[in-house]
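Heads up, the thing below is written out as structure tokens.
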2 protein chains.
Amino acid sequence: MRSLLSLQQKLLPDMLEVMNKRYRVLRQLRLMQPIGRRSLANTLDITERILRSEVTFLKDQGLLEMSIQGMHLTEEGEQLLMELEPVMNEVSGLDNLEERLKEKLNIPEVFIVPGDSDVTPWVKKEMGRAAVGRLKKFQLTRRVIAVTGGTTLAGVADMMIPSSDMEGTLFVPARGGLGEQVENQANTICAKMARKAHTDYRLLHVPDQLSEEAYLSLIEEPGVKELLEIIKSAGIVIHGIGEAKTMAERRKSTLDVIDKIEQEDAVAEAFGYYFNQSGEVVHKVKTIGLQLEDLERSELVIAVAGGRSKAKAIEAYLKTGIQSILVTDEGAAKALLEGTSL
Amino acid sequence: MRSLLSLQQKLLPDMLEVMNKRYRVLRQLRLMQPIGRRSLANTLDITERILRSEVTFLKDQGLLEMSIQGMHLTEEGEQLLMELEPVMNEVSGLDNLEERLKEKLNIPEVFIVPGDSDVTPWVKKEMGRAAVGRLKKFQLTRRVIAVTGGTTLAGVADMMIPSSDMEGTLFVPARGGLGEQVENQANTICAKMARKAHTDYRLLHVPDQLSEEAYLSLIEEPGVKELLEIIKSAGIVIHGIGEAKTMAERRKSTLDVIDKIEQEDAVAEAFGYYFNQSGEVVHKVKTIGLQLEDLERSELVIAVAGGRSKAKAIEAYLKTGIQSILVTDEGAAKALLEGTSL
DNA sequence: CTAAGTGGGACATAATACGTCTCAGGAAAA
DNA sequence: TTTTCCTGAGACGTATTATGTCCCACTTAG
């Protein structure tokens, strides 16, 4: 027995097309609301007139409302969009991709959002939403959640929504200062998430360059020592995965570090560790905080990374054998699976 | 969580309309194939041009083929139509009707086909198809199937299809001659079904008017006696339900019988029995064959009757408490349920 | 105050759907 | 055999719809 969708595909072949078009409009609107027709049409890469027809239709259906600030989803629109998500994933074959990727990478769960964050930046927000969605399924009261930096994690922070489930939860940065731009630092993101979720956070202020003695004395400081204990006991870890080279440059690493990374063929980076294609640690940024081995004690590890360009890094990192949940995008997922057949 | 169909109804409201249109075309074509556009358009009550668009579309989808004799469904079309049936029933709310009817009439199973056989005669064939479909789910090898007469049962016979499952099955008429037109007599229908199913049948030739002595001596005849045993042991019974008055007239009953029937407020008729609104037997045609009490020993009793006009008869008959499966049409079903709210 | 963004209206044109008529051919009835 | 009916296919004009294009009045952030 075929599924209803495949029957409809035969009986109304262009239905899926229209359905997808309207789904994309709603999904994009959710990300950018309130927003006007012209801008929305631009990001969706369709003409204004065509978007206009869709929008008036969706308005008539009560799924969105117009106002002087722009359009926004109604309650019903939000609801519909939520229920539509698994359906559209099935339609576009994403759930199929998820299954194959889960097997290939040997990890318990994979979430794929449509698009490629290399091409369209807002896909990062969709990944963020997916990550938060997955997080919500977990028992969250009185938990410690450790987060890292990066633009992707910033996207996760954007999508964080307050919920009574998160009462008493504490956000902490996974590791100390890993010099990046302020808005992408773990500390910043940590604070942002906590503020969005209406819960507490603690920050870890550690200078980037640190002498051995200073390091040793710092971790003996009462305040720092206590926070370190909390971080290492984090039950939930959410982190990004970066390309080794890009990360090294972005952090303004010294030349010998960059040389070392290139020498050892490092391709992936995650919370200060650099990995080669086999998932072996080839370098580690000297800072305090969560260590790789601490992850094994965590109950939930969510890796968020997307974009075709990050495929190799994702694959390398997951070879470490960490039982992590992966949230990625279509672009990365396809690149990862193409890698198989090469 | 809403069903996929209700989501789509919100996102593509006219989808269902189109879907239903194409479904109707396919369904009607199945009944009348091979047939041309003009005749088909006529029975569907749509213009030829509109049907033409649909037909060319369906042809492109490989669901039907054109030939000089007319159009016919392809293998794939048949398949799709079959799979589409439960979906469309859900869409048009028929499965909802089925549930409510099952409860109201207190019987184990109800099948409803779209349409009203009072208005469009070919709906009888749809009922026939549904009845045969239900029959097929049963273990059929080496069974005795008793059938009655009537135009509805003639429709069932039309839809009978051979299948290896029916090997060794024997068709018999439920009761002796109940004077009707030849093509609607139990004997004729019995033979037709057996021929369609490629199995055996036995006929019961008994004159309509019979004196008491003749009757007594007849049932002692070896051949007749043996067949009677077989009929009474029938595991499966398929019968129609008629309106009392109509049946009495059609059988050219004597005036005192018609008087009696009117006097006793008989409304329903089934294999020679007349029932009043409470399901009590008020008259019985004097002929040999299956008796009402024999039904209780049958494993499967299927009553087939449709058309708004037969609603009262159906209700009355099922008040006898027989655990019968009912195959009916939308017209009768709705009339039956309206009766509740009056 | 300005500039950029908002929704809404208007209108011409392109694309599509649909009604209507015609025709050649094959099958079955006469 | 002839005739009649039904078949699919083509053609064409018109009504309807979809879409591209431009303009306008208004709000708001800078």
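Chain letters run A, B, ... following the sequence lines, proteins first and then strands; every chain starts at 1.
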Notebook entry, point to check: Which of the following nucleotides, D:dT19, C:dG7, D:dG20, is nearest to the side chain of A:M66?
Noted result: C:dG7

Next item on the list: Rounded off to whole Å, could you give me the CG-to-C1' distance for the A:L51 and D:dT19 pair?
Entry: 13 Å

Checklist line | Check: B:D118 side chain, B:R308 main-chain N or O, donor-acceptor pair, under 3.5 Å | finding: yes

Margin query: If I take atom NZ in residue A:K21 and atom C1' in nucleotide D:dT19, what distance separates them, rounded to the nearest angstrom?
Written below: 11 Å

Next item on the list: Check whether the side chain of B:R52 and the base of C:dA17 form a donor-acceptor pair under 3.5 Å.
Entry: no

Note to self: If you only use heavy atoms from C-beta on, which nucleotide in C:dC18, D:dA9, C:dT6 is closest to the side chain of A:I35?
What the structure shows: C:dT6

Next item on the list: Report the distance from atom CG of A:L64 to atom C1' of C:dG7, rounded to the nearest whole Å.
Entry: 12 Å

Note to self: What is the separation between atom NE2 on B:H72 and atom C1' on D:dG8, rounded to the nearest whole Å?
What the structure shows: 14 Å

Check: Expressed in angstrom and rounded to an integer, what is the separation of B:R37 atom CZ from C:dT22 atom P?
Finding: 16 Å

Next item on the list: Mind calculating the distance between CZ (A:R38) and P (C:dG8) to the nearest angstrom?
Entry: 11 Å

Check: Can A:R22 be said to sit on top of A:F57's aromatic six-ring, NZ or CZ under 6.0 Å from centre and within 45° of the ring axis?
Finding: yes

Next item on the list: Looking only at side-chain atoms of B:S39, point me to the closest of D:dA11, D:dG20, D:dC6.
Entry: D:dC6

Next item on the list: For A:R49 and C:dA12, give me the distance from atom CZ to atom P, rounded to whole Å.
Entry: 14 Å

